[in-house]
Structure formats: C-alpha cells, structure tokens
Amino acid sequence: GTTLGTSAAEKGRYFGAAVAAGRLGDSTYAGILDREFNAITPENEMKWDATEPNQGQFRWTGGDQIVAHAQAHGQKVRGHTLTWHAQQPGWAQNMSGSALRNAMVNHITQVATHYKGKVFAWDVVNEAFADGGSGGRRDSNLQRTGNDWIEVAFRTARAADPGAKLCYNDYNTDGINAKSTGIYNMVRDFKSRGVPIDCVGFQSHLGNSVSGDYQANLQRFADLGVDVQITELDIAGSNQANNYATVVRSCLAVSRCTGITVWGIRDSDSWRTGENPLLFTASGAKKAAYTSTLNAL
Ligand code: XIL
C-alpha cells in the first residue's frame, strides 16, 4: 500500500491515530488523517471528565463529532477510556467507597450504551497497575473501592455493549517486567474465571530504545487468548525511525496483534511537547519515521 492504513489493511490490521475533535477543522490535519489512517482514538473526548462533567449529566459533543468523522471516512473508533485514575471530573475525584463504585458502574453503563455499535473496542480500564517492581495495583480512589473494581468494570462494559472488544490498557508494559507480569497474571486469572476481557493495549510511549523482548511480551499475552494492540505509540530520540520499524515488525509477527495507533498526527499535535515523537512534521511533511513505518508494514 501507499499509505499506513492501506498497508496495514493488507496485513489484516488497522493503523490509527489519536484525534482531537478541536483539530478536525484544520485541513492539513484532517487531510493527513483521512489519507493515512483507518482507525481513530479520541485523545480526550471520551474520558470521564469530558463525558460526565456533572454527575448524571452526560456530554457527548466531542466524542460524537469524532465518531461522525470516522463514520464519514471509513475509520474504526477505539473507545478511550471508561475508567482511569486521571482525568476524572472533580465530583468523582471527591468520591469514595460504594458511592464511587456505583458512580463508576453508572458511568460505564451510560457511555458504553451511548457508543454501542460505534466503537469496535473499549479501553475499559486504563493504567491501573503501579510502576516499579511491585507488580501490584496503583493506588487510586477506584482501587480503594476494592480490588474487584477492575472485573466489575469489565462485566459492566460487557453487559452494556456485548459487541465491543473489551481491553485493559497501560504504559511501561512494553517488555517483560514486573508491571507487565502483574497485568499478565490478572488477565490469566480473568480468563480462568470467565471475567470478560478480549484485549490488552500497550501504550508504547517510547524513548531511545525498544525493549529486546517487546515482541515476546506481546506474544505471551496473545497466548493467554486475548488480542493485543499498540494503542498510543509515540517515540522520542535519535533512533526514532528504526524504533518505529521495530514496533511495527513486532506487531506484525504476532498474529493476534490486530492494530497500531499513534498518539497524534504531527509533532505539533503531540502531548509530549518538544519531543517530536510522531510521524509528521508540524507542517504536515512525512518524516523518516513515517517512511520506515510504511516500509515495515
Ligand atoms: C493525554 C492526552 O494526549 C493529553 O491531551 C491530555 O492532556 C492528557 O492525556 N496515557 C493515556 C492517554 O492513556 O489518555 C494520555 O493522553 C496519555 C497517556
């Protein structure tokens, strides 16, 4: 293929980008998006603070705008994210215990129901594991409602939208380490007990090197019977072009690695200000990393 999306499709994969609704009116941005990408993740518009700014009052504007754009351009939508310790509305940040647990369940039900049939996959839970060597959960208001909050979130999402793939998504899990092993053990436990989980997302916010066991890590999760996806790829540093190619080749080598999403389009769109971790320059030109990515597909 001559674009990221068509090349990935030839391999049975998607190639997506995180999109900000507020940038869709920028013709350079939208031009690249619709030429190169066949999947979209809303960068912020489906998060809890955006979708339920006041308890029980839902705001669909930004997410619906992105879904409409995607449907008009034949792009799949990856929902992000039903639960997370960050970007919670103020009212939820101040909650705890059963009130917070009930609010979480209602939030998942309402959002997954609204987008039923419109998102092919949901990040049901984002970043719930701790960094470092513990392999355990991250402390958060959600975690303090009880260790079962993650399985409750997945069961709630399944009930609301039985057709969506339900994913766990995290960062610093891009190799075999204590954090990724903690998640691996959770997924294995969920599969053994029938907790509905279909996929694991590897954010892959990377720097100078790609872990030597990147592919092996994806494979060990796939071997548990879940799909794996690269969900928020961006790569800083001087070895950027080679590292993008390594990530793409690793995904293609794992049959259950179903797609790759980059976390933005141009360097000027990136949340990693000043690191220039994406595939297009601020003016929309293809970078060396673009070419190496396309060639690896
Ligand atoms: C980031 C967005 O890119 C920023 O615009 C926002 O200010 C903060 O969140 N992990 C995730 C994403 O799962 O949702 C985050 O996105 C980046 C890290």
Side-chain angles (χ1 to χ4, degrees), residues 4 7-8 11 13-20 32 36-37 39 41 43 78 80 86 123 126-135 138 168-184 200-222 228-254 257 259-297:
L4 302 171
S7 299
K11 300 279 171 66
R13 272 56 171 217
Y14 65 85
F15 205 100
V19 162
I32 299 170
E36 297 287 345
F37 296 97
T41 302
E43 187 173 0
R78 207 172 173 288
H80 175 80
D123 287 330
N126 196 33
E127 300 183 354
F129 276 71
D131 289 315
S134 77
R138 168 197 295 277
Y168 177 84
N169 191 50
D170 215 326
Y171 69 94
N172 283 352
T173 52
D174 313 297
I176 297 177
N177 57 39
K179 185 175 180 181
S180 63
T181 299
I183 296 163
Y184 175 88
V200 176
F202 299 82
Q203 293 185 10
S204 302
H205 297 294
L206 302 177
N208 280 316
S209 63
V210 181
S211 181
D213 52 15
Y214 188 91
Q215 182 184 318
N217 188 48
L218 298 179
Q219 188 65 58
R220 72 171 175 155
F221 279 87
V228 296
Q229 297 157 352
I230 314 305
T231 52
E232 305 185 12
L233 181 62
D234 51 17
I235 308 179
S238 55
N239 206 27
Q240 181 179 61
N242 285 325
N243 287 338
Y244 265 101
T246 298
V247 169
V248 170
R249 285 196 208 99
S250 300
C251 177
L252 293 180
V254 175
C257 184
I260 299 171
T261 299
V262 287
W263 204 245
I265 295 177
R266 302 162 300 192
D267 285 334
S268 50
D269 302 316
S270 175
W271 70 304
R272 295 171 71 178
T273 309
E275 293 192 89
N276 298 328
L278 294 173
L279 300 178
F280 295 88
T281 68
S283 55
K286 295 170 179 173
K287 295 169 58 181
Y290 171 91
T291 306
S292 66
T293 297
L294 183 65
N295 290 341
L297 281 167

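Only a predicted model underlies this, so the values are computations on that prediction, with no experimental measurement involved.
Taking 4.5 Å as the limit, every side-chain heavy atom of Gln215 sits out of range of all side-chain heavy atoms of Arg249. You'll find the side chain of Ile265 stays beyond 4.5 Å of the side chain of Glu36, heavy atoms only. Val210 places none of its side-chain heavy atoms less than 4.5 Å from the side chain of Asn239. Residues Leu297 and Leu4 are in side-chain contact: their nearest non-hydrogen atoms beyond the backbone lie under 4.5 Å apart. Side-chain atoms of Asp174 and Ser211, non-hydrogen and from C-beta on, never get closer than 4.5 Å to each other. Side-chain contact check for Gln229 versus Asp123: every heavy-atom pair is 4.5 Å or farther apart. Counting only heavy atoms from C-beta outward, the side chains of Leu233 and Leu206 approach each other to under 4.5 Å.
Not one N or O on the side chain of Ser292 forms a donor-acceptor pair closer than 3.5 Å with the backbone of Asn242. In this structure, Asn217 contributes its side chain and Asp213 its backbone to no donor-acceptor pair below 3.5 Å. The closest donor-acceptor contact from the side chain of Arg78 to the backbone of Ala39 lies at 3.5 Å or more, if one exists at all. A side-chain donor-acceptor contact under 3.5 Å links Gln240 to the backbone of Asn276.
Screening Phe221, Tyr214, Tyr171, Tyr184 for a ring-ring contact (aromatic ring centres under 6.0 Å, His included) with Phe202, the sole residue that qualifies is Phe221. Partner Asp267 forms a salt bridge (charged side-chain N to carboxylate O under 4.0 Å, His left out) with one of Arg272, Lys287, Lys286 and no other, that one being Lys287.
Between Phe129 and Tyr168, the two ring planes are perpendicular [angle over 60°; tilted spans 30° to 60°]. Ring pair Trp263/His80 is perpendicular by interplanar angle, where above 60° counts as perpendicular and below 30° as parallel.
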Checklist entry - Taking it one step at a time, do Thr246 and Asn243 satisfy side chain to side chain donor-acceptor pair (under 3.5 Å)? => result CA-CA 5 Å; Thr246 298; Asn243 287 338; 4.8 Å; no
TODO: Test Phe37 against Ile32 for side chain to side chain contact (heavy atoms under 4.5 Å, CB included), laying out the working first.
DONE: CA-CA 8 Å; Phe37 296 97; Ile32 299 170; 4.2 Å; yes
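Side chains of Glu232 and Asn169: a donor on one and an acceptor on the other come within 3.5 Å.
Contacts of Arg13 classified as side chain to side chain donor-acceptor pair (under 3.5 Å), with partners at least two apart in sequence or in another chain: none.
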